[in-house]
Protein chains: 2
Amino acid sequence: MSSGVANAKAIDSLKALAEPIRLEIIEALFTGEKCVCDLIQETGLAQSKISFHLKVLKEAGIITDRQSGRWVYYQLDTRTLKSLQNWIKKLRKGCLNEASPCE
Amino acid sequence: MSSGVANAKAIDSLKALAEPIRLEIIEALFTGEKCVCDLIQETGLAQSKISFHLKVLKEAGIITDRQSGRWVYYQLDTRTLKSLQNWIKKLRKGCLNEASPCE
DNA sequence: AGCATATATCAAGAATAATTGATATATCAA
DNA sequence: TTGATATATCAATTATTCTTGATATATGCT
């Protein structure tokens with residue numbers, strides 16, 4: 001039996017990444033943390049739309065936020081992407097479940 | 001600007017993986033190629049459901065199929081997972097676009 | 001030929017996700 | 001305090017994905 005918990009987390013990450021706007025946001029965050037207003041400017045997208053996608057990314061653990069005055073700054077948490085990368089590696093090698101561990 | 005084509009392919013893979021039944025199918029294919037009837041047996045799921053998910057996986061390039069008589073055998077193409085793993089690595093490192101290549 | 005089996009596909013409905021415009025809340029500045 | 005700005009959230013709509021039961025197609029067996 002495979003680890004349902006780990007798979008559930010991976011699925012959250014996968015879903016979060018599988019969307020063009022969210023990828024755009026992630027790429028925008030590479031040059032450092034940004035407030036929502038920065039992201040609105042860079043992308044030209046509606047504020048509620050940006051906030052919606054930021055929430056999905058945040059709930060998947062791909063970004064974190066911090067408030068400062070009126071602004072909320074978002075930044076990448078690359079550890080989650082690293083975990084996902086590792087999960088895919090295990091999936092690929094067939095050692096996702098404890099019964100057949102990676103050597 | 002990032003590579004829209006590569007991102008589109010990655011999104012197909014991500015979407016395909018982000019579903020529990022499809023993960024179950026992938027894991028079942030680790031012990032070798034299987035016909036649809038094997039997968040129905042192992043999972044207990046309806047045939048049309050299995051076929052639906054196999055199609056998604058196939059269109060994403062994660063599995064391939066081969067017909068033999070009345071049976072269609074599916075197997076993993078781990079190269080696609082390897083590509084995805086690499087894509088995530090690049091995303092994580094911020095070198096997905098040509099403008100900032102990985103060192 | 002006739003029948004059974006394996007699989008794909010389709011249409012309808014259900015469930016989930018995304019978009020949009022509006023409103024609410026909090027913070028700062030004047 | 002008043003007004004402006006930043007962000008979140010909500011309700012309604014639209015779009016996408018998944019499920020289900022039915023039917024179609026192909027293959028092989030008798």
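Throughout, a chain's letter reflects where its sequence line sits, starting with A, and its residues are numbered from 1.
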Check your understanding: Out of curiosity, A/K15 NZ to B/L14 CG, how far, rounded to the nearest 0.5 Å?
Key -> 13.0 Å
**Study point:** Protein-nucleotide distance (A/Q47, atom CD; C/dA26, atom C1'), rounded to Å
**Key:** 13 Å
Check your understanding: For B/Y74, which of B/I62, B/D65, B/T64 qualifies under side-chain contact (heavy atoms from CB on, under 4.5 Å)?
Key -> B/D65
Practice item. Write down the distance between NE2 (A/H53) and P (C/dT20), rounded to a whole number of angstrom. Key: 9 Å
Check your understanding: Rounded to whole angstroms, how far apart are CD on B/E19 and P on C/dA15?
Key -> 15 Å
Review point. Can you tell me how far P of D/dA6 sits from CG of A/L54, to the nearest Å?
Key: 15 Å
Check your understanding: Watson-Crick or G-U wobble partner for C/dA30, using a 3.5 Å limit on both distances?
Key -> D/dT1
Check your understanding: In whole angstrom, what separates A/I40's CD1 from C/dG21's C1'?
Key -> 14 Å
Check your understanding: Given C/dA6, is OP1 or OP2 found less than 4.0 Å from the side-chain N or O atoms of B/Y74?
Key -> no
Study note, to complete from the structure: Result for 5'-nearest mapping on DNA chain D, choosing between B/F52 and B/S68, is B/F52
Check your understanding: So what does A/Y73 touch, heavy atoms closer than 4.0 Å: a base, only the sugar-phosphate, or nothing?
Key -> nothing
Review point. D/dC18 C1' sits how many Å from B/L57 CG, rounded?
Key: 14 Å
Review point. How close do B/S68 and B/Y73 get, heavy atom to heavy atom, and via which atoms?
Key: CB-CE1, 3.8 Å
Review point. Does A/K49 place a side-chain N or O at less than 4.0 Å from the phosphate oxygens OP1/OP2 of C/dT20?
Key: yes
Check your understanding: Would you say A/R22 reaches C/dA18's phosphate, i.e. side-chain N/O to OP1/OP2 under 4.0 Å?
Key -> yes
Study note, to complete from the structure: Closest to the 5' end of DNA chain C, once A/R70 and A/S48 are matched to their nearest nucleotides, is A/S48
Practice item. Name the nucleic acid region contacted by B/I50, choosing base, sugar-phosphate or nothing; use a 4.0 angstrom heavy-atom cut-off, strictly under. Key: nothing
Study note, to complete from the structure: Separation of C/dT9 atom C1' from B/K58 atom NZ, nearest Å, is 13 Å
Exercise for review: Please determine which of A/D38, A/L57, A/L76 meets the side-chain contact (heavy atoms from CB on, under 4.5 Å) test together with A/L29.
Suggested key: A/L76
**Study point:** Any A/K15 side-chain N or O less than 4.0 Å from OP1/OP2 of C/dA17
**Key:** yes
Review point. Which heavy-atom pair separates A/T80 from A/A60 by the least distance, and what is that distance?
Key: CG2-O, 3.6 Å
Check your understanding: Can you check the B/Q67 CD to C/dT7 P distance for me, whole Å?
Key -> 9 Å
